[in-house]
Amino acid sequence: MTYADIDPERLTGEWQARILGIVATLIDAGTFTWADFRTACLELRAERATDDGASTAAAPTADTGWADLEDWAPALRRLLEARSLLPAAAP
Amino acid sequence: MTSADDDQHGHDHGGERGGERGGGHGHGHATPPDSPAAYVERLEAELVERGLLDVRALDDLMATYFAEHGWVHGARAVARAWTDPEFKALLLSDAPAAFAQLGVTNHDAIVVVEDTDEVHNLVVCTLCSCYPFWVMGLSPAWYRSLEYRARAVREPRAVLAEFGVDVPEGRTVRVWDSSSDVRYMVLPRRPTGTEAATEDDLAAIVTRDALIGTDVLEAP
């Protein structure tokens, strides 16, 4: 992935740009792949849907579930925790 | 005519989400501790502290991004409008179509408003920080501040004066309230003394603040 792959249409402010930049930098550095990150986003969304009591039918699809920027930072933490690169956050 | 006379309130800001689970708008000012902005800040700091994130690489990436996607598109459109009357007419009547001619497309609605001898335009987002990112880059921190958002409508001349822009009493200040439905960009007046300048030269003198309305351009 390069920064050229990032869709500027989804950026509406500084934190959105920053988290996109962080993820892109880590992917460029080989810390994980775009597919890894996408999977982490999907898992997070699916978990939240279950926690909220929502129907599993409402779980994100592979095409859309990873695209919510608000999930990117927690999904990134989750991915790095799973790889023991970050300690588990305090509950 | 006052700024309040022309203020465009009542837009739906629903597309500008900020809270991790709703709420907030991702403003850079007084960042709420549970906001996504604060979360990103904390995470970035932790990644740097643990040596996982190379800040220089991140900054290089962001700089590259802004060189490609900053206000350069807005500046190019302004320079083209100054030199091509047909493009200017299209920019003012159908800005997305004009930007498409420059190879810049986006799904957000955008309206370009023209500064004239009679009118000075100023853009604000009173509810959050709606901003045509795709043609103007990242919004400045002051644009998202509560103070600017409130005062730009209430006392635009005073705000402009603080930016060094003195608008004569006989010239109307028109304030445009950006929203998730429609975002605004200013077409500033072409500086005198630039008659021989090329389009590229002209684009180089356009500033981000001029596209918001808080700067008046001068020939280099």
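Per chain, numbering begins at 1; letters A, B, ... match sequence-line order. The figures that follow rest on heavy atoms only: side chains count, while hydrogens, waters and symmetry mates do not.
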Q: Looking at Leu85(A) and Arg50(B), what are the two nearest heavy atoms and their distance?
A: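 For Leu85(A) and Arg50(B), the tightest heavy-atom pair comes out as O-CD, 4.0 Å.
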Q: To the nearest 0.5 Å, tell me how far Arg56(B) CZ sits from Thr25(A) OG1.
A: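 So the CZ of Arg56(B) and the OG1 of Thr25(A) are separated by 13.5 Å.
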Q: Mark yes when over 12 heavy atoms from residues, nucleotides or ligands other than Glu81(A) sit less than 6.0 Å from its CD; otherwise mark no.
A: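 Atom CD in Glu81(A) is crowded, with more than 12 foreign heavy atoms closer than 6.0 Å.
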Q: What's the spacing between Leu76(A) CG and Glu44(B) CD if we round to 0.5 Å?
A: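 Taking CG in Leu76(A) and CD in Glu44(B), the distance rounds to 11.0 Å.
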Q: Measure across Tyr39(B) and Ala73(A) and return the closest heavy-atom pair with its distance rounded to 0.1 Å.
A: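 That closest heavy-atom pairing would be CD2-CB, 3.4 Å.
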Q: Rounded to the nearest 0.5 Å, what separation is found between the CG atom of Leu47(B) and the CG atom of Leu86(A)?
A: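 Reported to 0.5 Å precision, the distance equals 5.5 Å.
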Q: Give, as side chain, backbone, both or neither, the part of Leu43(B) having an atom under 4.5 angstrom from any heavy atom of chain A.
A: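 Side chain only.
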